[in-house]
Amino acid sequence: MTARYNFKTIEERHQAEWAGKGLFTAREDNSRPRYYVLEMFPYPSGRIHMGHVRNYTIGDVVARYKRMQGYNVLHPMGWDAFGMPAENAAIKHRTHPATWTHENIDHMRKQLKRLGLSYDWEREFATCDPDYYRWEQLFFIQMFEAGLVYRQKSRVNWCEGCQTVLANEQVEDGRCWRCDTEVVEKELDGWFFKITDYAQELLEGCDRLTGWPEKVLTMQRNWIGRSVGAEITFPLFGMDGEIRVFTTRPDTLWGATFMSLSPEHPMALKLCMGTGQEEEVKAFIERWRKIPAKERQFTQSPDHSIARPKEGVFTGAYVKHPLTGECIPIHIADFVLMEYGTGAVMAVPAHDQRDFEFAGRYGLPIKVVIQPEGANLEPETMKEAWEGPGTLVNSGPFDGKDNEEAKVAITRQLETQGLGRQKVSYRLRDWGISRQRFWGTPIPMVQCDTCGLVPVREQDLPVILPLDARLDKQGRSPLPRLESFWSTTCPKCGGPARRETDTMDTFVESSWYFARYVCPDENKAPLDRKRVDAWLPVNQYIGGIEHAILHLLYARFFTKALRDLGWLSIDEPFANLLTQGMVLKDGAKMSKSKGNVVDPDEMIRNYGVDTIRLFILFASPPERDLEWSDQGVEGAHRFLHRIFRLITENLEGLNSVRAGRQTLINGTKATRALRQKTHRTILKVTEDIEQRFHFNTAISAVMELINEVMGCLNRYGTPGMDKQGDWAALREAMEAALILLFPMVPHITDELWRLLGHQKTIGLEPWPVPDLDAARADTVNIVVQVNGKLRSQVEVDQDTDKENIESIVLDDPKIKRYTKGRAIHKIIYVPGRLINIVVKG
RNA sequence: GCCGAAGUGGCGGAAUUGGUAGACGCGCUAGAUUCAGGAUCUAGUGGACAUUAUAUCCGUGGGAGUUCGAAUCUCCCCUUCGGCACCA
């Protein structure tokens, strides 16, 4: 009886050895090319879940693979440690969020270590450490001074469940991204990052992020939402002043029959004064204000049953058409957004569906100015607006022009009169980062009655989150009521002042953590330029698709802002991005409420880490969703068991030789076939990992190799395998299999590697290079088709030419049956693969 | 409604450039071993036909098309998932 596959002992032993030898410590070593692989760091919620296991396993395979390829690999891990769950838990358990967070971190660190992940733990940090967030406060101050931060009162998204404000990106379908509570609107003072200053660069950068999935780039492009048009000034009629609009259709300017203002437009109430419409306008705006934010959005739903019609009211005022001088009525319309463009639109009902609906409801005139090709639109008969291309009509000097040309021509005309200009608008809004919660980075600002808003002096950083704060049951932040925190003196005049009690959105911490990993020990500055330049950008970033916009857009913005402050020289933080799919059970995302959670700890106890890693990697390619299968786990376990036995039961034979070309050259036919398989497997696995990270097909290739080895042993029997060459080929095959599998199942392969007589860990082996001669086949199998249908196969020498193959094939009795009495029309030959005989009759 | 991705055996999934569809694994069936179960090993496993030819036909959501040849390319339709949803 040979040794059993005791995964627990094996895994613990090798983990201890790797850690003891510091094999995963990244060093400042310029002799080797650097490679920075990073997985999105976790929120310390308490326990690792299968999504983490998948994410970190994928990253670990990449890290180990790159090390074997000779790279100086940086693979760090840390904690995204600020956030609401800590506060909620602290309230529930009457403790401090810091205590809860650190306990979770300790537990999760143990779990990650048990997974055998090759992290450089010396670089670990938690974002709730003052040593981390002090630098974030410094960045905030520098950004404030550079004009990238401002404070403003505005209507914000308020989540009652979380008792705080959310950024636009954090509202999904009118609900909070974290707790799913319906978001309400609230008027509040808050701090903003001017991400819109970088809108154009963030958009253009998408074209250069060739290592990112197209899906993510599309989502980011749509979120930024650039549109080119014109800003047009409409002078008020009969009074001083003007109203400006943004339009992407300056070509339809002649068709503007009225103007629509947002109910929030600052001119809305002023315009109606003294027109007799005052009361109606006031009543309309009052009514509109009472409609919950979510219902306001439903005015253009495809399902007409819940669609609210567009509503508005006439202000009694008019503007002058900038080109025709015509008098145009101004309406308030509930579908016009104050946040986009200028909050006012010129209404062209013939060529904009929304304006068409509004005009129809209030009996406003429709004027056709674009005629589509081959049609003659009449306002009376139109059932919907024509938004497509066409030729201009009723447009004075621009009649007959193509509408695309007219956009340019009309904009130019407006420019010469000083009534308009070309303008680019973005959908992207500034990033609201104020949170009315406790457990986050304090915003380092002070409100002084005489000096206004003043940043904390750099030498006074960090502004520390007090550890003696008591949280109240409602979840409101204790900071505004904690005088010892907010009471301070003005850094400018020394007078009494009040500290800002809002904290920062936790997405700020994750916007620069990847840079801090490069120099976590730097204590004079946030970043060490030399190391930052050497390591960044991250070569491979791995995480969930749910951050396609949120975290990934914020981190891109922050990188550019830090670059402009002089802290970095890169434009983009992540050169390559892999978005891994979700882990599902019974077709649904694992969740406590559905009761379909698979516990990683339990799995590891029953099968070992290698089995779990193997199953996860084998079950589907990383970017796709993964369906958890207990039977699949069993299968993975069985495979590892098989390899273990294959080596332990044949140790004597395997160790009787040393693999190498010398003993392999005079092998038998079976030996040559095995060697061919070995080297083809090396080729295949390397390609699968290198090109697409398709570990599932890489593993199946190694399984094939193992099957081949078992076949050899079965066919010839172990006692028959006494020839040196044969054992050498088997040993070569098994060593290759172990090395190829090592990044995926590091413990068992390292164990078996030692059993084969090696002194050092398999992780120090260089990644194998295939012997192309050995991989080459002597003969090839040619598929023979007649009229595209498979009819026969022939085995020919590798270098047989077309003529020879043709004559062999045409002589084949199986083929003759189909060609007999028919005319051969043509013969198509795909070298080394296939021959197709096209016959007629 | 608009944009995007996907649809392949009982299941997870292969098929890299238009060239043997279903690799590999799970499951299932039969056999070996075993007191029995489990584990392991061997063989088989898309469907139909049905019987010695190891043929033939059908088959990658449905329908058309391009091609000597289509899971792969084009068009139309269906389904599922994701994103956006008054952005002027």
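Letters A, B, ... mirror the listed sequences (proteins, then strands); counts begin at 1.
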Nearest-Å distance for atom pair [atom1]/[atom2], residues [X] and [N]:
X	N	atom1	atom2	result
A:H331	B:A88	NE2	C1'	17 Å
A:L834	B:G19	CG	P	10 Å
A:R692	B:G13	CZ	P	14 Å
A:R833	B:G69	CZ	C1'	13 Å
A:E623	B:C81	CD	P	20 Å
A:H694	B:G12	NE2	P	17 Å
A:L217	B:A5	CG	C1'	15 Å
A:L713	B:U42	CG	C1'	15 Å

Checking base pairs now: Watson-Crick or wobble, both atom distances under 3.5 Å. What partners [N]?
N	value
B:U20	none
B:U66	none
B:G1	B:C84
B:G9	none
B:U34	none
B:G44	B:C28
B:U51	none

### Task
Report the glycosidic orientation of B:G9: syn if within 90° of 0, anti in every other case.
syn

For [X], answer base if it contacts any base atom (sugar-phosphate contacts may also be present), sugar-phosphate if it contacts only those atoms, and nothing otherwise; contact means non-hydrogen atoms under 4.0 Å.
X	value
A:E339	nothing
A:T218	nothing
A:Y818	sugar-phosphate

### Task
On the 0 to 90° scale, with breaks at 30° and 60°, tag the A:Y362-A:H331 ring pair as parallel, tilted or perpendicular.
tilted

### Euclidean distance for P, B:G27 against B:C75 (whole angstrom)
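Going atom to atom, P in each nucleotide, I get 42 Å.
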
### Query
In this structure, which one of A:F644, A:F615, A:F7 forms a ring pair (Phe, Tyr, Trp, His ring centres under 6.0 Å) with A:H637?
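The option that passes is A:F7.
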
### Task
Identify, between A:E627 and A:I828, the residue whose nearest nucleotide on RNA chain B lies closer to the 5' end.
A:E627

### Task
Considering only NZ, NE, NH1 and NH2 on the basic side and carboxylate oxygens on the acidic side, decide whether A:R221 and A:E214 come within less than 4.0 Å.
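Answer for the salt bridge query: yes.
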
### Query
Should we say atom CZ of A:R226 is surrounded by more than 12 heavy atoms from elsewhere, each under 6.0 Å from it?
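Result for CZ/A:R226: enclosed.
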
### Message
B:G7, OP1 or OP2 - any side-chain N/O from A:R624 closer than 4.0 Å?
### Response
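No, outside the criterion.
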
### Message
Let me confirm one number: the CE-CG distance from A:M582 to A:D625, rounded to the nearest 0.5 Å.
### Response
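Result: 4.5 Å between the selected atoms.
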
